[in-house]
Participant: 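Could you have a look at this structure, given as structure tokens, before my questions?
Because the structure is a prediction, the values reported are computed rather than measured. Position 1 is the first residue of the sequence; numbering continues from there.
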Amino acid sequence: MSGTTAQPTPPSRTTRTRSWWGWGWADAHPDDAECAAMGALVPGTLAHPLPVPLVRDLRIAPPAVTPPASLAHLVDSDPGQRASHAMGKAYRDIARALRGRPGRIPDLVARPTDEREVADLLDWAGEHRVAVVPYGGGSSVSGGVEYRGDAHRAVLSLDLTSMGRVLEVDVPGRAARIQAGALGPDLEDGLRPYGLTLRHFPQSFEFSTLGGWLATRAGGHYATGRTHIDDFVQSLRVVTPAGTSASWRLPASGAGPSPDRLFLGSEGALGVITEAWVRLQERPSHKASAALSFTDFDAALRAVRAVAQSDLSPANCRLLDAGEAAMSGASHDGSAVLVLGFESADGPVSGRLGQAVDLARSHGGRRDDTPYAQDGAPADAAVGAWRSAFLRMPYLRDGLARMGAVAETFETAATWDRIPELVEEVRREVGAAALKASGHPATVNCRLTHVYPDGAAPYFTVIAAGRPGDEVAFWDDLKAVAGDVLHRHRATITHHHAVGRDHRPGYDLQRPDPFALALKAAKGALDPRGILNPGVLVD
């Protein structure tokens with residue numbers, strides 16, 4: 001085949017330490033003073049922040065199983081490693097860790113380096129009733145990387161990050177073969193010498209892997225066009241207890257149901273994704289951005305719909321309601337803010353940005369006379385403020401959690417005809433439930449993260465005073481109220497954060513019954529002993 005074969009790119013290493021209990025880097029979390037300052041803005045929170053949890057304070061039982069000598073070099077029983085693989089990074093995970101209740105801690109953490117070792121670990125686990133939970137960067141926010149229950153003798157967290165290399169790059173075909181354990185920065189570093197990019201940048205980019213994106217059908221940062229990881233897949237290799245599935249690398253095929261579609265979004269319940277051929281793009285060299293404000297949120301929705309239904313294809317078309325705009329610093333006058341951005345590897349994009357701005361203005365959008373930010377020039381203040389807040393927000397959420405506040409997000413997608421009422425009812429009903437349960441008003445903000453010609457993805461932020469010591473149940477109650485509203489409007493239970501265990505009730509209602517039967521049959525055929533991520537997608 002024509003192309004360029006890359007020298008396998010080793011994963012990069014850093015001296016920084018990941019937080020075992022919270023988001024991202026341990027040294028990036030708010031200190032006690034910042035936590036207290038944030039808590040003071042939320043009525044009903046604690047007077048002082050909860051202490052940062054320590055692994056040594058957890059009750060961690062000895063492993064219930066011992067691997068054979070042939071696998072011992074792949075397996076780690078260190079308490080710190082086990083604790084850091086016990087949960088994802090959802091609010092309910094953070095709250096449990098802060099209270100010293102992280103749930104079932106895996107007995108062992110395994111780090112295979114090739115497919116043969118993955119298969120050997122699955123064989124051993126099947127023989128000894130050991131549940132296997134595939135693990136990438138651990139950034140799951142839907143309960144996708146933890147074990148719940150007691151049906152298995154032991155739990156093995158299967159960490160794929162030692163399989164994190166860019167193996168091959170086909171420059172003419174703009175594609176690459178990459179191992180599933182590649183973290184976002186390592187993946188892009190491996191492609192950069194070729195002037196290519198996967199162009200998939202979720203908020204968790206720094207702390208999530210290609211395999212995790214594939215297993216959860218992740219959405220990237222870009223608001224239109226190819227943004228879901230599904231759009232980039234040419235072929236997959238997946239190790240299952242029944243054998244290895246290797247689909248052909250093709251630009252397209254009409255040969256029956258796609259084998260890749262069986263595993264995209266399967267969350268490790270059907271097999272372990274080990275590598276993929278993915279479609280690449282040239283790195284953009286032309287960028288332009290602008291922000292517009294709206295006094296009427298419904299008018300802003302109409303503006304966004306007009307842009308989404310045009311052929312302009314902005315890279316960013318993110319609408320922040322007044323509360324979200326104020327919280328990010330994008331607006332301070334009660335206005336909603338529309339952030340627009342364009343990029344290209346081929347030529348200037350200011351013309352397309354101008355057309356999008358004109359469309360938004362025709363629906364009541366306001367913009368001052370600041371020149372469009374482009375090609376490395378300083379961005380609009382609102383654009384820069386939003387971007388900074390976007391990257392910092394998960395750390396601030398953890399700081400609020402230390403103050404006993406509930407601070408979490410959830411997202412969905414629905415058709416345009418349902419969006420206005422859906423957004424209004426979520427705000428009203430979740431806010432009312434929080435007030436009733438805590439006695440304090442809650443903040444319920446909304447932004448649109450992704451837009452399509454036929455609909456959009458609303459993303460909600462909820463901040464409320466929790467019930468001390470009962471924060472997880474409080475959030476679960478609010479999430480159930482939100483789920484009822486979504487189901488009532490036939491909005492998806494998740495647009496890009498996967499089903500995991502937290503979204504199972506909504507997913508069970510959303511999927512057709514015949515599909516559920518087929519999925520259960522696939523689970524039984526590929527994982528007959530039921531060891532792969534039990535409780536995810538099907539029972």
Side-chain angles (χ1 to χ4, degrees), residues 88-90 133-145 160 178 180-184 187 198-205 207-238 240 245 247 257-279 409-414 449-452 454-459 486 491-504 506-508 510-512 515-516 518-519 522-523 526 532-533 535-538:
K89 294 296 185 281
V133 180
Y135 189 99
S139 63
S140 169
V141 291
S142 57
V145 294
L160 274 294
I178 305 173
L183 290 159
L187 183 155
L198 180 60
R199 196 179 177 268
H200 185 79
F201 300 106
Q203 188 179 35
S204 63
F205 171 76
F207 308 110
S208 55
T209 63
L210 173 63
W213 303 340
L214 297 166
T216 60
R217 296 183 66 193
H221 166 75
Y222 296 99
T224 67
R226 288 195 293 181
T227 185
H228 283 271
I229 196 65
D230 312 37
D231 302 325
F232 300 100
V233 174
Q234 281 189 330
S235 67
L236 296 178
R237 287 186 64 87
V238 186
T240 81
S245 172
S247 61
S258 165
D260 295 335
R261 290 283 172 179
L262 178 63
F263 296 106
L264 287 169
S266 63
E267 302 189 40
L270 303 179
V272 180
I273 298 172
T274 55
E275 67 178 57
W277 272 98
V278 291
R279 299 180 177 93
T409 62
F410 63 92
E411 35 74 39
T412 183
T449 60
H450 301 75
V451 296
Y452 308 91
D454 52 349
Y459 191 111
L486 301 186
T492 183
I493 193 61
T494 179
H495 172 262
H496 59 266
H497 278 164
V499 175
R501 291 164 178 82
D502 297 346
H503 291 152
R504 264 298 299 276
Y507 177 65
D508 288 350
Q510 181 176 327
R511 66 185 178 191
F515 179 76
L519 189 59
K523 172 74 170 177
L526 296 173
L532 285 173
N533 219 0
V536 167
L537 299 183
V538 293

Participant: Holding to salt bridge (Lys or Arg N to Asp or Glu O under 4.0 Å), I want the full list of residues that pass it with D260, two or more places apart in sequence or in another chain.
Facilitator: none
Participant: Would you say L236 and L264 make side-chain contact, with heavy atoms under 4.5 Å?
Facilitator: yes
Participant: Using side-chain contact (heavy atoms from CB on, under 4.5 Å) as the criterion, list what pairs up with A218, not counting sequence neighbours.
Facilitator: H200, W213, T216
Participant: Measure across H503 and T494 and return the closest heavy-atom pair with its distance rounded to 0.1 Å.
Facilitator: ND1-CB, 3.8 Å
Participant: Identify the heavy atoms of L187 and A182 that sit nearest to each other, and give their distance.
Facilitator: CB-CB, 4.3 Å
Participant: What pairs with Q510 under side-chain contact (heavy atoms from CB on, under 4.5 Å), at least two apart in sequence or on another chain?
Facilitator: T492, I493
Participant: Taking atom CZ of R217 as the centre, does the number of heavy atoms from other residues, nucleotides or ligands within less than 6.0 Å exceed 12?
Facilitator: no
Participant: Using the test ring pair (Phe, Tyr, Trp, His ring centres under 6.0 Å), find all partners of F205 that sit at least two apart in sequence or belong to another chain.
Facilitator: F201
Participant: Side chains of Q234 and V278: closer than 4.5 Å at any heavy-atom pair?
Facilitator: no
Participant: Please identify each residue that fulfils side chain to side chain donor-acceptor pair (under 3.5 Å) with S245, with sequence neighbours left out.
Facilitator: none
Participant: Which residues pass the salt bridge (Lys or Arg N to Asp or Glu O under 4.0 Å) test with R237, not counting sequence neighbours?
Facilitator: E115
Participant: Mind checking side-chain contact (heavy atoms from CB on, under 4.5 Å) for D502 and listing every partner two or more places apart, or none if nothing turns up?
Facilitator: R92, R148
Participant: Does any part of the side chain of F263, heavy atoms only, come nearer than 4.5 Å to the side chain of L214, both counted from C-beta?
Facilitator: no
Participant: Just verifying a value: how many Å separate I178 CD1 and T274 OG1, rounded to the nearest 0.5 Å?
Facilitator: 13.0 Å
Participant: Check whether T227 reaches the backbone of Y222 with its side chain - one donor and one acceptor, N or O, closer than 3.5 Å.
Facilitator: yes
Participant: Quick one: closest heavy-atom pair of S204 and S208, and the distance?
Facilitator: O-OG, 2.9 Å
Participant: Sub-3.5 Å donor-acceptor pair from the side chain of N533 to the main-chain atoms of P134, do we have one?
Facilitator: no
Participant: Do the side chains of L526 and L262 get nearer than 4.5 Å, heavy atoms only?
Facilitator: yes
Participant: Mind listing the closest non-hydrogen atom pair of L183 and F207 along with its distance?
Facilitator: CD2-C, 3.9 Å
Participant: With sequence neighbours left out, which residue pairs that include part of residues 263-278 fulfil the salt bridge (Lys or Arg N to Asp or Glu O under 4.0 Å) condition?
Facilitator: R177-E275
Participant: If the condition is ring pair (Phe, Tyr, Trp, His ring centres under 6.0 Å), which residues does F410 pass it with, not counting sequence neighbours?
Facilitator: F460
Participant: Identify, with sequence neighbours excluded, every residue that meets side-chain contact (heavy atoms from CB on, under 4.5 Å) alongside V141.
Facilitator: A90, H497
Participant: Might you point out which heavy atoms bring S266 and V536 nearest each other, and give the distance in Å?
Facilitator: O-CG1, 4.4 Å
Participant: Please lay out, stage by stage, how R261 and D230 fare under the test salt bridge (Lys or Arg N to Asp or Glu O under 4.0 Å).
Facilitator: CA-CA 8 Å; R261 290 283 172 179; D230 312 37; 3.0 Å; yes
Participant: Using ring pair (Phe, Tyr, Trp, His ring centres under 6.0 Å) as the criterion, list what pairs up with H450, not counting sequence neighbours.
Facilitator: H495, H496
Participant: Which residues satisfy the salt bridge (Lys or Arg N to Asp or Glu O under 4.0 Å) test with D508, sequence neighbours excluded?
Facilitator: R504, R511
Participant: Locate the shortest heavy-atom distance separating T240 from L270; write the atom from each residue and the value.
Facilitator: CG2-O, 3.4 Å
